Asker: 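Here's a structure for you.
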Amino acid sequence: MSHISHPNTNKMSAHMNLTLKVWRQKNANDKGGFVTYKAADISPDMSFLEMLDVVNEGLIKKGEDPIHFDHDCREGICGMCSLYINGRAHGPKRAITTCQLHMRSFSDGETITIEPWRAAAFPVVKDLAVNRQAFDRIQQSGGYVSINTGGVPDANEIPIPKFIADEAFNSATCIGCGACVAACKNASAMLFVSAKVSQLALLPQGQQERYQRVQAMVAQMDEEGFGNCTNTGACEAECPKEISITNIARMNREYFTSKFFKEEEIH
Amino acid sequence: MSNLKTTLSSSLGKKIVMSLTGLFLCTFLIVHLIGNLQLFKDDNGLAFNAYAYTMTHFTPIKIVSYLLYASIIVHAMYALILTSMNKKARPVGYAQQNGNANSPWTSRNMGILGTILLIFIVIHMNNFWAQYHWADLPYAKYEVSLTDPADVKFTSIPFDGSKIAHTDYVDIEHGVKVLIAKDLYLIVGELFKQWWYVLLYVVSMVALAFHLFHGFRSAFQTLGWDHKKYVSAIRFIGEWGFGLLIPIAFAAMPLYFFFFK
Ligand code: HEM
Ligand code: FES
């Protein structure tokens with residue numbers, strides 16, 4: 001039997017030792033600050049969140065308060081995990097959430113800085129967990145369609161061109177994690193809002209509320225205190241679902257059309 | 001009216017003001033550049049001084065120029081308002097932020113670049129616009145031969161408030177077309193010999209290049225003019241035209257005067 005040595009075999013199995021600079025903050029009113037921890041004997045195959053679990057187990061054993069962070073599905077679909085890692089939303093890799101980020105993306109001995117999403121509209125709840133209900137309120141203000149109850153319509157009764165369906169679906173992949181806000185230098189929520197506006201504006205089912213929706217959602221976005229887009233493109237670059245800023249241009253069109261050419265008005 | 005007010009005070013409304021004023025300033029740059037290219041003519045400023053007179057005395061152009069002053073003020077004011085709102089949207093910043101990983105430098109520094117432009121515009125207006133309107137400039141007299149337009153006699157006339165004014169007539173007797181105009185060309189030539197002014201000018205044109213490299217494309221995105229059919233054309237014009245060619249052409253004028261005149 002020949003011995004096949006993969007160039008990465010050694011690195012893969014060797015465990016890593018890391019230094020973490022973690023933002024700790026007791027509650028929304030606490031000033032907060034960085035605390036340094038050692039993360040010893042970490043497998044490169046762990047996800048970033050599993051690495052934090054290991055650190056937290058150590059803290060719990062010592063009787064200390066574990067680091068609070070958000071997570072749920074741990075498979076990149078729920079949008080609960082967050083974390084600003086080494087100056088990037090969801091860490092150094094493109095198109096993934098923090099729960100899908102693996103420790104092999106870091107090197108042994110590295111110091112990793114971990115911060116919460118920073119935005120006035122996303123106040124820190126504790127440590128790395130922030131309150132993202134502002135997104136829920138935006139969604140509630142207009143991100144719905146009216147549903148006709150009654151008999152089941154034929155599946156092909158409403159034809160939708162494939163490229164429209166695809167575009168709507170791309171917009172609908174937004175998981176509402178808030179990385180766009182976190183990465184934007186202006187803490188703008190326009191990528192999120194535009195994705196939600198687009199997914200419904202593109203489809204026949206979304207037409208009834210189309211022009212009210214965009215006005216209501218933009219008004220709520222402003223009300224929540226998010227910043228203004230300067231088209232840097234940081235949001236689409238950091239979005240785990242690669243939502244494109246084409247959506248923002250579409251939202252602007254929807255908004256100006258509704259304000260200048262349509263009867264619908266919100267109060 | 002109240003609808004318009006709420007629209008323009010929304011985040012997207014402020015952005016539309018920003019983009020429209022920005023694009024208006026872009027169209028002005030083209031006109032300004034074409035005029036300034038007259039400086040390269042070796043005619044003692046005949047074409048340039050005639051151009052300067054038209055720009056300040058022809059009513060439609062005067063109206064546009066007031067619109068232009070308003071645009072600069074509104075653009076800068078909205079830049080200030082939007083920037084301060086954006087600062088408020090993130091009261092606690094990041095300890096570590098790797099902006100280069102996700103966005104171009106120009107797009108993140110529009111405010112700084114714009115501030116350089118504003119400072120430049122103020123100094124520039126003070127040097128040329130205010131001088132032209134209010135200072136006691138010497139006049140230039142050009143006598144252009146009616147038979148040979150290349151034959152021009154130039155005389156400088158010192159300022160004399162009681163006697164001199166802009167004049168433009170044909171003198172059949174002597175076979176010449178006479179133009180007596182404020183000699184702005186002289187002022188330009190003198191200023192472009194000062195190293196500090198040339199430096200300021202060139203630095204400002206670099207700032208303009210960066211501002212428009214991002215800004216031109218960005219304005220169309222703000223207006224929602226984003227379609228794969230023409231977005232590459234907009235990008236091309238923004239980056240090569242406004243981001244490179246136009247600033248270089250502007251910067252070439254002071255450099256030409258400084259080194260070759
Ligand atoms: C010749 C002068 C100028 C021209 C041609 C110009 C042009 C533009 C254009 C086309 C944009 C893009 C608008 C958009 O993204 O929708 C822009 C944005 C911007 N400008 Fe200017 N500008 C000029 C002067 C200034 C000055 C004097 C300032 C500041 C005092 C300034 C500050 C800004 C800022 C902060 C932005 C980014 C705003 C945003 O993207 O929302 N600009 N400019
Ligand atoms: S935990 Fe669900 S997306 Fe990361």
Side-chain angles (χ1 to χ4, degrees), chain A residues 21 23 31-32 34 84-89 92 94 113 115-116 118-122 124 181-190 214-215 218-219 221-222 224-238 245-246 248-260 265-266, chain B residues 2-20 78-79 81-111 114 214-228 231 234:
Chain A
K21 267 180 68 190
W23 184 263
K31 218 173 141 269
F34 283 102
Y84 212 70
I85 302 163
N86 283 347
R88 304 273 306 270
R94 287 208 164 198
T113 308
E115 300 175 73
R118 295 289 190 195
F122 287 166
V124 171
V181 174
C184 174
K185 85 178 202 0
N186 311 314
S188 165
M190 290 198 191
V214 65
Q215 295 184 43
V218 168
M221 168 180 83
D222 291 354
E224 299 289 349
F226 289 105
N228 302 279
C229 174
T230 48
N231 305 324
T232 67
C235 51
E236 74 173 357
E238 300 292 18
I245 57 170
T246 281
I248 299 181
R250 185 183 296 111
M251 171 178 72
N252 296 354
R253 285 199 297 277
E254 292 284 318
Y255 187 76
F256 300 136
T257 309
S258 79
K259 283 290 192 188
F260 296 129
E265 247 189 271
I266 54 147
Chain B
S2 80
N3 181 35
L4 186 68
K5 235 173 97 186
T6 49
T7 305
L8 291 185
S9 59
S10 71
S11 54
L12 296 192
K14 291 200 192 75
K15 288 239 48 202
I16 205 178
V17 172
M18 213 51 212
S19 63
L20 290 177
Y78 271 65
I81 295 170
L82 285 168
T83 307
S84 79
M85 285 176 77
N86 294 344
K87 289 256 140 45
K88 267 199 221 111
R90 175 166 297 140
V92 182
Y94 293 106
Q96 198 179 335
Q97 192 165 24
N98 188 358
N100 284 328
N102 58 35
S103 53
W105 183 88
T106 47
S107 73
R108 285 178 278 122
N109 290 282
M110 293 297 276
H214 173 70
F216 189 75
R217 157 94 229 290
S218 170
F220 286 89
Q221 163 81 6
T222 299
L223 294 173
W225 284 20
D226 172 46
H227 193 294
K228 55 180 180 294
V231 77
I234 292 172

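These numbers come from the heavy atoms of this one structure, side chains and all, not from hydrogens, waters or symmetry mates. Everything numeric in this text was worked out from a predicted model, so none of it was measured. A note on names: the letters A, B, ... follow the listed sequences, proteins ahead of strands, and every chain is numbered from 1.
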Asker: Can you name the salt bridge (charged side-chain N to carboxylate O under 4.0 Å, His left out) partners of A/R118, sequence neighbours left out?
Answerer: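 Result, salt bridge (charged side-chain N to carboxylate O under 4.0 Å, His left out) vs A/R118: none returned.
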Asker: State which residue, out of B/K14, B/M18, B/M85, fulfils the side-chain contact (heavy atoms from CB on, under 4.5 Å) condition with A/N228.
Answerer: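 Going through the options one by one, the only one that passes is B/M85.
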Asker: Considering only heavy atoms, which portion of A/I245 lies under 4.5 Å from any heavy atom of chain B: side chain, backbone, both, or neither?
Answerer: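 Interface part for A/I245: both.
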Asker: Would you please test A/N86 and B/N98 for side-chain contact (heavy atoms from CB on, under 4.5 Å) and show each step?
Answerer: CA-CA 7 Å; A/N86 283 347; B/N98 188 358; over 6 Å; no
Asker: Any donor and acceptor pair, going by atom type alone, linking the side chain of B/N102 with main-chain N or O of A/E238 inside 3.5 Å?
Answerer: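 Pair absent, no side-chain N/O of B/N102 close to backbone of A/E238.
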Asker: Side chain, backbone, both or neither: which part of A/Y255 has an atom under 4.5 Å from a heavy atom of chain B?
Answerer: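 Interface part for A/Y255: side chain.
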Asker: Is there a donor-acceptor contact under 3.5 Å from the side chain of B/K15 to the main chain of A/C229?
Answerer: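 Confirmed, B/K15 side chain pairs with A/C229 backbone.
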Asker: Can you confirm whether A/M190 sits close enough to B/L12 that some side-chain heavy atom of one is under 4.5 Å from a side-chain heavy atom of the other?
Answerer: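 They are in side-chain contact.
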Asker: How far apart are the C-alpha atoms of A/Y84 and B/Q97, what are their side-chain angles, what is the distance that settles it, and do they pass the side-chain contact (heavy atoms from CB on, under 4.5 Å) test?
Answerer: CA-CA 9 Å; A/Y84 212 70; B/Q97 192 165 24; 3.4 Å; yes
Asker: Between B/N86 and A/G227 (side chain of the first, backbone of the second, donor and acceptor by atom type, cut-off under 3.5 Å), is there such a pair?
Answerer: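 Looks like no, no N/O pair under 3.5 Å.
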Asker: Please flag which part of A/F260 lies under 4.5 Å from any non-hydrogen atom of chain B: side chain, backbone, both or neither.
Answerer: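 Contact with chain B: side chain only.
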Asker: Going by salt bridge (charged side-chain N to carboxylate O under 4.0 Å, His left out), name the residues that satisfy it together with A/E224, two or more places apart in sequence or in a different chain.
Answerer: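 Salt bridge (charged side-chain N to carboxylate O under 4.0 Å, His left out) list for A/E224, sorted by chain: A/R137.
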Asker: Would you tell me whether A/D222 and B/S10 have side-chain atoms, one donor and one acceptor, within less than 3.5 Å of each other?
Answerer: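 Note: A/D222 and B/S10 side chains miss the donor-acceptor criterion.
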Asker: So for B/K87, is it side chain, backbone, both, or neither that comes closer than 4.5 Å to the heavy atoms of chain A?
Answerer: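 Answer is neither: B/K87 stays 4.5 Å or more from chain A.
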Asker: Could you tell me which portion of A/C184 (side chain, backbone, both or neither) has an atom closer than 4.5 angstrom to a non-hydrogen atom of chain B?
Answerer: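 The backbone, not the side chain.
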Asker: Check whether A/P92 gets within reach of chain B through its side chain, its backbone, both or neither, counting any heavy atom under 4.5 Å.
Answerer: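 For A/P92, no heavy atom lies under 4.5 Å from chain B.
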Asker: Do you know the tightest heavy-atom contact between B/Q221 and A/N252?
Answerer: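 Shortest heavy-atom contact: O-ND2, 3.4 Å.
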